[in-house]
Every structure is written in structure tokens, then in C-alpha cells.
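Each chain gets a letter, A, B and so on, in the order its sequence line appears, and its residues count up from 1. Values below: all heavy atoms of this structure, side chains included; hydrogens, waters and symmetry mates excluded.
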There are 2 protein chains.
Amino acid sequence: MSISSRFAVGIHILTLIEVNQDGVTSSNFLAGSVNTNPALIRKIMAMLKKADLIEVTPGVAGAKLAKNLNEISLYDVYRAVSVVEENELFSIHDNPNPACPVGQQIQATIEPIFIHAQSAMESVLKQVTLADVVNDMANNSST
Amino acid sequence: MSISSRFAVGIHILTLIEVNQDGVTSSNFLAGSVNTNPALIRKIMAMLKKADLIEVTPGVAGAKLAKNLNEISLYDVYRAVSVVEENELFSIHDNPNPACPVGQQIQATIEPIFIHAQSAMESVLKQVTLADVVNDMANNSST
DNA sequence: GTTACATGTAATCATCATAGTTACAGCATC
DNA sequence: GATGCTGTAACTATGATGATTACATGTAAC
């Protein structure tokens, strides 16, 4: 199992819109950098738009960020592209046997632990903004 | 996306083996509590056995824990049933365009962040043992 | 040793998410 | 109106999951 690359592609898209501020960031251009299909890019951009992370106008080439770089966390992107639903990173088997003490209790016992683990992961994503990503990228390329 | 319920079922199996110490915990019995197929249970048990978490003998009904309850963390179970591979909770798109500065740097920039987030989640699992789960369960059922 | 029953495992199947792709309607700009 | 972009629907291939059947192998009781 792996969390969909939509998330990574979403970050890629937003980062490129920022870096390419002086140019026109069309879905075609983005597809060239991500190395995939423009239609797939537009699908993900639709999600980013719905989450108010970017601004796009039908018929008009190019996308712009809807917020400042440091106001967009990776968690925002993660939520926007809905790679993982709330409290559902881990799945628990349905209908355990209620006649068994373990079967009866297992869901209620495990769920809070799973939610705790998921939250810990998401906290890290909340602490990183696109500004950090762009900075890291600049540092890496300068070395 | 969701992490396979194999993980939750694995915890269920181990917990029931403990709680049912006085009885015989066969794959048939487990299947009844989990509410699924004995063959599926045996597949997961094979993984738990391979990870040295349980002891089972071919032809002999019943499984026993191979370690003490407090020596088995949920992370051990998680690893045993291989629901998520090391450093691969998040997937990153392949072959971004190296001619694009963002395409060239995106993987190296994002990967450490993803690994960090995954580690945070796994740390929580490392901190919880089956002893905790059994205790929680006892507390819940007493209230 | 044969019967009964358990584990181990291969093979098959339905279902679902992902990623890729084509096609086309709707809209803006020239 | 011609061009080119966005927005989507539709379809496909692929792979993981969970369920299930079937059977080989092994143990123990009789």
C-alpha cells in the first residue's frame, strides 16, 4: 500500500507555479515537467482549485497560487487531493463477532491508537509549507 | 487509500490468542471472531509466524505467542503483515522532467519530508504494545 | 494404519483505486 | 470565427485487497 502520488504531483504543480511566476503555467506545461498527461494534471488542479489553493479560469491559460507560499502547508495539499480521508489512514475489519469479548471490543480499542498515529504523521505535514519546499529546492540546486 | 485491514486483523489475532490462553486458538476459532475465512486467517498467521510473533505447528491446532505481551509492539505487527514498506508510505511520481528545475529537484526535496512524516506515525505504533491493547480492552469492558 | 482434523498454500475471483488516455463541451482571446 | 485552453466524462490496464475453494501435508487419537 502507498499513498497516491497525487499528493507528490500536487506539490510539484504548486511549486512549479511559484517558480514559473514570470511564465504561463498551463496544464500542458505542467504535464511536461511532471511527465504525464495534461488531463491528469487538470484533474489534480481541479482539486487544488476546489480547495482554494490555486486560481484558474476556464479558457485562460495558466494558474496562479491563491495564497502566499508560506500559507500553504503540505497538509493543505494532502487534504486537497484527498489521498487519505479523515481518520481513515488505517482500515479496520468490519463486523467482528460481538459474541466474542475480543471481537466486541477490538474496534473501539484500536481506533484511537490508529487515529493517534495518523495525527502524528499529519502534524509533520502541517509543519512544512510550500515556502520550505521551494527553499529546500533552491538550496539543493545551489550545491 | 487506506492501510490494509491485515494490520487490524493481525492485532485481533494476537490479542485473542492471549485472551484465550486456556483454550485452543485455531484458525477456525479465530475466523469466527474476526468474522472471515479460516484460510485468510492462516495467511496472516503465516506472516506473524515468519516474524516470530507466534508459534504454530502444522497439523496441531492452536497458536501461542512467541514473546511476552509487552515485548510485542504494534509496530512489530505492522511490519510483520507488511501493510506498508519501509520509506514507502508516500509514493512519488516517476520520471519527472530533468530539464525542468522543479522536475529535477522535486523527488530529492520531498522524500525526506515524507520519510519524516512516516516515521512520526510509526513512532506512535512503536510506543504501543499488545499489553496496552489488552489492558485497554479490559478497562473498556469493565465500564 | 486409518480416521479425523489441523495447518500451509496455491489458485481463482470480484471489487476497488490508481494512473493513463481519448474525446469533447465550454469558454476566452485574438 | 479560429485557436487554444480548461473542465470533465468515459474508458482502459494494472495492481492490491479480501474472500473463497481446493488440496497437499502433518499430527494425534483410536
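- In the set D:dG7, D:dC5, C:dT7, the nucleotide with an atom closest to the side chain of A:K49 is D:dG7.
- Across the protein-nucleic acid pair, B:R6 atom CZ and D:dG18 atom P stand 7 Å apart, rounded to whole Å.
- Between the side chain of A:Q107 and the main chain of A:H93, a donor-acceptor pair closer than 3.5 Å is present.
- Considering only side-chain atoms of B:A61, the nucleotide from C:dT18, C:dA6, D:dA22 that sits closest is C:dA6.
- For B:R42, whose side chain is taken as the heavy atoms from C-beta onward, the closest listed nucleotide among C:dG8, D:dT8, C:dA19 is C:dG8.
- Nearest to the side chain of A:P58, among D:dG18, C:dC27, C:dG8, sits C:dC27.
- Exactly one of B:I11, B:N70, B:N135, B:D76 qualifies for a side chain to side chain contact (heavy atoms under 4.5 Å, CB included) with B:L130. That residue is B:I11.
- For the pair A:S27 and A:R42, the minimum side-chain heavy-atom distance is below 4.5 Å.
- Closest approach to the B:K43 side chain among C:dG8, D:dT20, D:dG7 is made by D:dT20 (side chain taken as heavy atoms from C-beta onward).
- Remark: C1' of C:dT18 and CE of A:M47 are 11 Å apart, rounded to the nearest angstrom.
- Nearest-nucleotide positions on DNA chain C place B:V60 closer to the 5' end than the other of A:N37 and B:V60.
- At a cut-off of 3.5 Å, with distance as the only test, no side-chain donor of B:D136 or A:T109 sits close to an acceptor on the other residue.
- Remark: P of C:dA19 and CD1 of B:I92 are 13 Å apart, rounded to the nearest angstrom.
- In the set C:dT18, D:dT6, C:dA19, the nucleotide with an atom closest to the side chain of B:M1 is C:dT18.
- Listed nucleotides: C:dT21, C:dG8, D:dT17. Nearest to the side chain of B:S4: D:dT17.
- Looking only at distances, no side-chain donor or acceptor of A:N97 sits under 3.5 Å from a matching main-chain atom of A:G103.
- In this structure, B:L40 atom CG and C:dA11 atom C1' are separated by 15 Å, rounded to whole Å.
- Closest approach to the B:A39 side chain among D:dA22, D:dG18, C:dG20 is made by D:dA22 (side chain taken as heavy atoms from C-beta onward).
- The CE atom of B:M45 sits 12 Å away from the P atom of C:dT9 (whole-angstrom rounding).
- One can place CD1 of B:I41 at 15 Å from P of C:dA6, the figure rounded to the nearest angstrom.
- Of the residues in residues 82-90 of chain B, not one comes within less than 4.0 Å of DNA chain D through any heavy atom.
- Counting heavy atoms from C-beta on, the side chains of B:E55 and B:L65 never come closer than 4.5 Å.
- Residue A:T57 places none of its side-chain N or O atoms closer than 4.0 Å to OP1 or OP2 of C:dC27.
- Among C:dA19, D:dG18, C:dT9, the nucleotide with an atom closest to any side-chain atom of A:S91 is D:dG18.
- Using bins of under 30°, 30° to 60° and over 60° for the plane-to-plane angle, the ring pair B:F7/B:Y78 lands in the perpendicular bin.
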